[in-house]
Amino acid sequence: VTEPTITRTDRDRVAILTLDTPGRSMNVVDETVLADLRDQFAVLGDDVDAVVLTSGKPGSFGAGADVAWLPELAARDDAADVLSMAHDLALTMARSPRPVVTAVPGPAYGGALELALGGEAIVATPDATLGLPEVTLGLIPGGGGTQLLRRWLVLDDALDVLLSGRPLQAREALDRGLVTRIAPRERLLDDAVELARELVTSGSRRPDRPVPARDGVAVLERHAQAVAARRGGATPPALAILAVVRTGEEQGIEAGFAAETAAFLDLLRSPAAQASLHLFQAGSDLKRRTRRGDRIDALGVIGAGQMGAGIAATAVSRGIGARVRDVSDDALVRARAYVDRVLQRAGDDPAVQRRRYRWSATRAWTGLGHVDVVVEAVFEDPDLKVDVLAEVSRHIAPTALVASNTSAIPIHRLAPAVDRPERFLGMHFFSPVDRMPLVELIPHAATAPETVDRAAAIAGQLGKVPVVVGDTPGFFTSRVYARWLVEGIRLLLDGVPPTAIDEAAVTAGFPVGPLQAHDEATLDLVVQASITQVAEHVMSARIDVPAVRGALETLVAAGVRGRRYGLGFYRYDDDGRRTGINEDVVALVGAAQPDPDVTACAGDRLLLAFATECFLCWDDGTLCHPDDGDVAAVLGIAFPRPLGGPFHWADATGAGEVVARCTALGVREFPPGDTLTSLAASGGRFADAPRRAAPFQPAE
Ligand SMILES: NC(=O)c1ccc[n+]([C@@H]2O[C@H](COP(=O)([O-])OP(=O)(O)OC[C@H]3O[C@@H](n4cnc5c(N)ncnc54)[C@H](O)[C@@H]3O)[C@@H](O)[C@H]2O)c1
């Protein structure tokens, strides 16, 4: 016998149906919930005049469909029947003589909100948020949301909610008509029951089907234009929403449901949605890890440069105290300004603005005794970092966690400097810290498992997704990114015109090409970080790294150094705007004559350079699971999101096909690696790999 998802209690002739998905922190909607609700409505009985639907989970109504269940649904022949259950349930509720009031004590998203949309009214707590975010996952609502929302909202607002995927705060939902009343949490259920009784008495009802908008065509047209004008143009889910809503307006709710089902299943079965569901699922698994450690109250940051200031600003904006130490007054002043900018963006809520007082700065070593964690972010110099970490150890509590934000210095080389090294690990943030969602956690051989959990919790508190990776040169992201940058220079040396290199990258789905990326980072830093610290250690057996270094050094010597200097692979004006290509580069590096066959391979070479480095990271233990690599590649180093990450891309393309493409380009530079090679033979997938407990760590 499975546990019931719905329980019923009656009060004042009102049936209170409480949704409580067993074993989950938030309610999810699936076939079982739909069937249980349908059965509950079938047996309400004569002693009940109204229904209140609510949640057994404190502080939330429901997360929507179970994302892990969607691939299974996609594969089923009777998937359309499952969606019909949701549509039938909504119509049952809408046509029932008994009004249904939903009590929403927090987030109500997707399929969970759709359950409420068949009803008569929603009572929500002030902190509740309601939305249909499916479009952000590459989908559209499939449980009737595209049609039912129009029972509540005018067409313009309904399209806004559907096309943006943005949740409405309770107050905004009240103004627009999606929420009927707001009630404090302790009164939520009482108010919902009271409202249900009022509706019984008044007999007032919203229509069971939406009333078509008189100016519908014009409103739809306006939204279609707005969607087409978005960056990247209208996406398939946005187009599907417009078409399906139009069907409902013109032909009625049943035709709208049928159109919704067809469009939802088409999208769900598309490679783009599978990639995005995969990333969502893999990202959620990583976020779960943030729940194992305690929350922190204050953090120390050593070095208030670009990274240190970003870490401190992110902490302060989230209500965590930051004690910042730098040797330079100028750096501390700039860091303070950074904090102010981030807080400004956080809005003018006085409680948020008061957080600025939780920042303090010092040039001494004072004020670190009470912090829960210290993050070291001084210059990328091993000797300096060793000195700083030793000094840090003298000024902090014995229980405080210690982290280094190094981009590539091996963590096991820094660990001996820390008193009690079991509390030390790498915490690699990305720039700009307040916007980039990823943190790499790098334990060394003696890092305590509890330290990794605490660091993951800190990452979560800072709003970041933590991924645990191995202590190999460049860890995961800096290493893979180095390989991709190197491929950009190799293409240049092979005679591919610079504009063709960056265009090929963008066509393959990268946001910018590798030459533009060199210009942003500055060529000096690429030589120091990507070549010296990473490529020479891990790629020399496969790649002619000296040739790449030689080309970069020649360029730097000739003043070609990147955007900050006004001249890189592109030319820039005084405001840093790109004005054109730097034609001198090709001659400076002595590139080969252009060859159309080589140029035609540029996109594949960039994609496979990136992907094969990832496959090797799995083979050598740098990653605990291919899923981690997919999330880190997309969130940290801009692997094309529609491909779902390098491992998902390989699974979707087929291992055999990927190996063939590596072979065509040359397995020396594009080695498929042991795992992909054996997957090609077995027909298996990276996704089915078992998770490793910990990533590779060299002995200390
Ligand atoms: N910039 C990036 O994109 C990026 C990304 C990830 C990691 N990192 C790493 O983060 C670290 C910091 O990088 P950054 O870009 O912020 O450098 P930065 O040059 O902007 O800042 C370094 C700061 O450290 C200060 N400093 C030097 N010695 C100090 C000491 N003894 N005590 C206190 N402060 C001291 C300097 O005054 C300077 O303000 C480096 O290890 C770097 O590799 C950088």
Side-chain angles (χ1 to χ4, degrees), residues 300-314 322-339 360-368 371 374-396 402-411 413-414 417 425-442 459 462 464 466-467 469 473-482 485 517-534 562-564 632 635-638:
V301 180
I302 314 301
Q306 189 183 333
M307 297 306 288
I311 295 164
T314 307
R323 177 72 171 166
V324 184
R325 195 248 169 184
D326 200 295
V327 288
S328 146
D329 276 332
D330 284 352
L332 291 172
V333 169
R334 278 196 304 271
R336 168 85 248 185
Y338 190 151
V339 172
S360 71
T362 175
R363 286 197 318 170
W365 283 103
T366 55
L368 292 169
V371 300
V374 170
V375 183
E376 168 283 305
V378 300
F379 300 129
E380 186 78 345
D381 168 349
D383 295 336
L384 174 66
K385 286 196 191 280
V386 163
D387 287 349
V388 164
L389 288 167
E391 192 70 38
V392 162
S393 301
R394 286 193 269 280
H395 301 284
I396 57 173
V402 184
S404 170
N405 182 46
T406 174
S407 308
I409 300 170
I411 297 302
R413 275 185 56 196
L414 301 175
L425 83 174
M427 261 183 112
H428 181 214
F429 290 84
F430 294 76
S431 178
V433 180
D434 55 300
R435 304 233 179 111
M436 291 292 285
L438 188 74
V439 176
E440 277 181 310
L441 304 182
I442 309 112
L462 293 172
K464 311 293 176 205
V467 56
V469 299
F475 317 130
F476 174 68
T477 55
S478 299
R479 167 169 159 193
V480 174
Y481 199 61
L485 291 173
H518 274 84
D519 278 3
E520 302 299 335
T522 75
L523 276 64
D524 314 55
L525 189 71
V526 172
V527 172
Q528 185 216 323
S530 304
I531 303 296
T532 308
Q533 292 188 328
V534 183
R563 195 221 303 251
R564 196 182 303 166
L635 297 188
I637 45 177

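The shown structure was predicted, so the numbers you read here are calculated from the model rather than taken from an experiment. Order of appearance sets the numbers: ligands from 1, and atoms from 1 within every ligand.
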Check your understanding: Does ligand 1 have an atom that lies less than 4.0 angstrom from a heavy atom of Phe430?
Key -> no
Review point. Which heavy atom of the protein is the closest neighbour of atom 6 (C) of ligand 1, given with residue, atom name and distance?
Key: Phe429 O, 3.1 Å
Review point. Does an N or O from Arg325, backbone or side chain, lie closer than 3.5 Å to an N or O of ligand 1?
Key: yes
Check your understanding: Are any of the N/O atoms in Asp326 less than 3.5 Å from those in ligand 1?
Key -> yes
Review point. Which ligand 1 atoms, with their elements, are less than 4.0 angstrom from a heavy-atom of Ala331?
Key: 39 (O)
**Study point:** Minimum side-chain heavy-atom gap Ser478-His428 below 4.5 Å
**Key:** yes
Revision key, fill the gap. Those residues at least two apart in sequence (or on a different chain) that pass ring pair (Phe, Tyr, Trp, His ring centres under 6.0 Å) with Tyr338 are none
Check your understanding: When you look at Arg363 and Asp326, which way does the salt bridge (Lys or Arg N to Asp or Glu O under 4.0 Å) test go after all the steps?
Key -> CA-CA 5 Å; Arg363 286 197 318 170; Asp326 200 295; over 6 Å; no
Check your understanding: Between Asp387 and ligand 1, which part of the residue brings a heavy atom under 4.0 Å of the ligand: side chain, backbone, both or neither?
Key -> neither
Check your understanding: Relative to Trp365, does Arg394 satisfy both conditions: NZ or CZ under 6.0 angstrom from the six-membered ring centre, and within 45 degrees of the ring's axis?
Key -> no
Point to revise | Is_contact(atom 17 (O) of ligand 1), protein non-hydrogen, under 4.0 Å | key: no
**Study point:** Close approach, Glu391 and ligand 1, non-hydrogen under 4.0 angstrom
**Key:** no
Review point. Quick one: which of Ala304, Ser407, Ser431, Gly636 has a heavy atom closest to atom 42 (C) of ligand 1?
Key: Ser407
Review point. For ligand 1, which part of Val388 has a heavy atom less than 4.0 Å away: the side chain, the backbone, both, or neither?
Key: side chain
Review point. Relative to ligand 1, is Lys385 under 4.0 angstrom through side chain, backbone, both or neither, heavy atoms considered?
Key: side chain
Exercise for review: Decide yes or no on salt bridge (Lys or Arg N to Asp or Glu O under 4.0 Å) for Arg564 and Glu520, but give the supporting numbers first.
Suggested key: CA-CA 8 Å; Arg564 196 182 303 166; Glu520 302 299 335; over 6 Å; no
Check your understanding: Considering only the protein, which heavy-atom contact is closest to atom 29 (C) of ligand 1, and what is its distance?
Key -> Val378 CG1, 3.6 Å
Check your understanding: Atoms of ligand 1 less than 4.0 Å from Phe379 heavy atoms?
Key -> 19 (O), 22 (C), 24 (O), 27 (C), 36 (C), 38 (C)
**Study point:** Protein contact to atom 2 (C) of ligand 1 [nearest heavy atom, distance to 0.1 Å]
**Key:** Met307 SD, 3.6 Å
Practice item. Quick one: look up the protein heavy atom nearest atom 20 (O) of ligand 1 and list residue, atom name and how far away it is. Key: Gln306 N, 3.0 Å
Practice item. Could you tell me the residue and atom name of the protein heavy atom closest to atom 10 (O) of ligand 1, and the distance to it rounded to 0.1 Å? Key: Asn405 ND2, 3.0 Å
Check your understanding: Among protein heavy atoms, which lies nearest atom 41 (O) of ligand 1, and at what distance?
Key -> Glu380 OE1, 2.4 Å
